[in-house]
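For reference, the structure discussed in these notes is given below.
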Amino acid sequence: MKTIYKSVLAAASVALFASSVHAATSLEDLLQEVKKNRVSEARINKEREAEFQSARADKQALLRKAQASLKSEQTRGDNLAKKYSDNEVALAEKEQELNQATGTLGEMFGVVRQASSEAFGQISTSIVSAEFPGRGEFLKRMSEESKGLPNIQELEDLWFALQTEMTESGQVSRFQTEVISLDGGSTTQEVVRVGTFNLVGDQGYLVYDDENEIVQPLGRQPDGYLVDSAEELLAAKSGLVPFFADPSSGGILGLLKEKATMTERYHAGGVVGYVITAMLILGLLIGLYKIVTLTIISGKMRSQLNNTGNPSSGNPLGRILQVYKDNKASDAENLELKLDEAILKELPKIESGINIIKIFAAIAPLLGLLGTVLGMIATFQQITLFGTGDPRLMAGSISMALVTTAQGIIAALPLILMHSIVAGRSKSIVHILDEQTAGIIAAHAESEKA
């Protein structure tokens with residue numbers, strides 16, 4: 001600010017001098033103006049010198065003040081350094097006194113922290129915490145946050161937590177708790193706890209989520225007989241009840257829910273499996289139809305055997321007897337040919353469909369083998385594309401290869417059995433026809449000889 005003021009004053013002096021010179025009309029006036037301006041410059045210089053002296057005094061005062069502040073801070077720093085050194089000595093002495101005072105209590109502190117840490121890992125994940133929530137907070141604080149020696153109350157709480165876990169592990173208990181359903185809703189229901197193994201509720205087996213501290217059903221219940229045992233346990237009020245317990249506290253049940261159901265295994269066979277199923281159903285339907293029709297024919301033939309003198313056209317035996325009745329005048333040789341012709345006409349109706357069942361029984365295993373080959377081809381294609389790092393990528397193709405083989409064998413067994421039954425019945429009918437025909441021919445031949 002002072003520099004700006006001085007610049008403005010000098011500019012004003014030069015402007016005044018210029019105007020005076022311009023206005024002077026004689027040398028005498030010019031001389032007077034010069035004298036006047038000289039006096040003015042002298043005055044300005046004195047003022048500037050005074051200002052410089054004043055600024056110098058200010059700077060000296062600031063310098064002295066800064067030096068005094070520096071000396072004060074140096075003195076304060078020395079005092080702090082001395083105090084820090086004294087505190088270090090005092091801390092070392094106090095630490096030594098603490099070690100002497102605690103003695104073997106330091107070892108107890110380590111043992112308590114270790115025991116609390118182990119108990120927290122066991123109790124926080126135990127299903128007993130579903131009935132007694134909040135037990136893990138104290139143990140977590142003891143194992144992680146506690147920096148001092150435990151007091152009597154904390155030691156008693158640790159003992160009580162361990163004793164509770166041991167006692168409850170051997171009991172079957174009922175309690176009311178909130179169960180989170182798979183669709184996101186929740187209900188308060190009675191739950192049965194079997195030691196530290198399993199929880200059972202209205203939905204079957206339950207699991208305890210220790211991270212969120214909630215009880216929820218399994219994603220998928222195990223096989224029906226296991227769920228039935230859980231329902232019997234839930235319904236029982238006293239006595240001994242057989243129950244399938246999971247000794248891994250839900251680990252095995254978690255694996256069982258990944259187990260494929262029969263429906264999923266069936267659909268793993270794909271198109272080949274569906275074709276095998278269609279052949280099985282069609283073959284069984286044909287077999288059932290043939291059993292029914294052959295049974296009806298067999299019954300009519302038994303009735304005809306009781307009344308051979310009155311042949312009926314409603315059964316094969318009656319039609320053959322009618323041929324004999326119509327050709328009694330023929331010789332034995334011609335009659336035999338006529339009867340053989342009649343039997344040959346009856347055979348297609350009796351044996352129709354039997355060969356189809358036999359063909360289906362032979363084709364089913366071959367289709368299973370085809371599914372196996374297709375599944376292995378798909379498996380090697382996936383190995384070529386993705387490598388063998390993740391076996392789950394190949395699980396679907398391998399399932400197809402194995403399931404179709406099983407489906408082919410499973411379909412072939414009942415088809416073979418059905419073919420045997422139907423073929424046996426048809427043979428018994430044909431045997432009766434042959435037997436009756438042979439008897440008719442023999443009787444006719446004897447009558448000719450007589």
Side-chain angles (χ1 to χ4, degrees), residues 204-205 218-231 244 252-298 350-383 388 390-430:
Y205 287 91
L218 282 172
R220 184 172 64 191
Q221 293 294 326
D223 296 334
Y225 68 94
L226 298 176
V227 178
D228 291 341
S229 71
E231 293 176 351
F244 291 93
I252 297 177
L253 289 174
L255 295 177
L256 287 178
K257 72 180 182 180
E258 302 295 334
K259 179 182 177 182
T261 62
M262 294 301 296
T263 303
E264 292 173 344
R265 289 179 180 177
Y266 168 73
H267 289 294
V271 177
V272 177
Y274 301 148
V275 174
I276 294 174
T277 304
M279 292 177 56
L280 172 62
I281 295 174
L282 183 58
L284 292 178
L285 290 176
I286 295 174
L288 291 175
Y289 172 76
K290 292 300 296 181
I291 289 176
V292 172
T293 56
L294 293 176
T295 302
I296 294 174
I297 292 173
S298 179
I350 297 173
E351 297 180 350
S352 63
I354 298 177
N355 289 332
I356 296 177
I357 301 174
K358 184 177 181 181
I359 291 172
F360 283 171
I363 292 178
L366 296 178
L367 285 175
L369 180 60
L370 174 62
T372 302
V373 174
L374 293 177
M376 295 309 297
I377 291 174
T379 300
F380 286 116
Q381 287 178 346
Q382 291 171 349
I383 292 175
T388 58
D390 190 358
R392 290 176 295 183
L393 294 174
M394 302 177 287
S397 301
I398 295 175
S399 296
M400 178 182 178
L402 298 177
V403 168
T404 53
T405 303
Q407 288 176 337
I409 297 173
I410 292 172
L413 294 177
L415 289 176
I416 292 173
L417 179 61
M418 182 64 71
H419 175 266
S420 300
I421 296 173
V422 174
R425 296 212 173 190
S426 66
K427 287 181 179 179
S428 65
I429 293 174
V430 174

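Each residue takes its place number in the sequence, starting with 1. Keep in mind that what you see is a predicted model, and the values were worked out from it rather than measured.
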For T405, check side chain to side chain donor-acceptor pair (under 3.5 Å) against everything at least two apart and list the hits. T372
Any pair counted as side-chain hydrogen bond (donor to acceptor under 3.5 Å, both in side chains), so long as it reaches residues 275-289, sequence neighbours left out: Y266-T277
Partner set under side chain to side chain donor-acceptor pair (under 3.5 Å) for T295, not counting sequence neighbours: R425
Atom NZ in K427, atom CD1 in I350: separation rounded to 0.5 Å? 13.5 Å
Working to the nearest 0.5 angstrom, can you tell me the gap between L374 CG and L369 CG? 9.5 Å
By side chain to side chain contact (heavy atoms under 4.5 Å, CB included) - contacts of S352 (at least two apart): K290
All heavy atoms of S229 vs all of Y205, minimum pair found to be OG-OH, 3.7 Å
How close do A412 and A361 get, heavy atom to heavy atom, and via which atoms? CB-O, 3.5 Å
Residues in side chain to side chain contact (heavy atoms under 4.5 Å, CB included) contact with L280, at least two apart in sequence or another chain: L284, A411, P414, L415
Go through it in stages, so that I can follow the logic: the residues are M376 and V373, the test is side chain to side chain contact (heavy atoms under 4.5 Å, CB included), and I'd like the CA-CA distance, side-chain angles, deciding distance and then a yes or no. CA-CA 5 Å; M376 295 309 297; V373 174; 5.9 Å; no
With sequence neighbours left out, what residues match L367 under side chain to side chain contact (heavy atoms under 4.5 Å, CB included)? V272, V275, I276, M279, I363, L370
Taking atom CD1 of I357 and atom CG of L282, what is their separation to the nearest 0.5 Å? 9.0 Å
Looking at residues at least two apart in the chain, or sitting in another chain, which of them share a side chain to side chain donor-acceptor pair (under 3.5 Å) with Y274? H267
Among all residues two or more places apart in sequence or in another chain, which pass the side chain to side chain donor-acceptor pair (under 3.5 Å) test with S298? R302
Applying side chain to side chain contact (heavy atoms under 4.5 Å, CB included) to L288 and not counting sequence neighbours gives M418
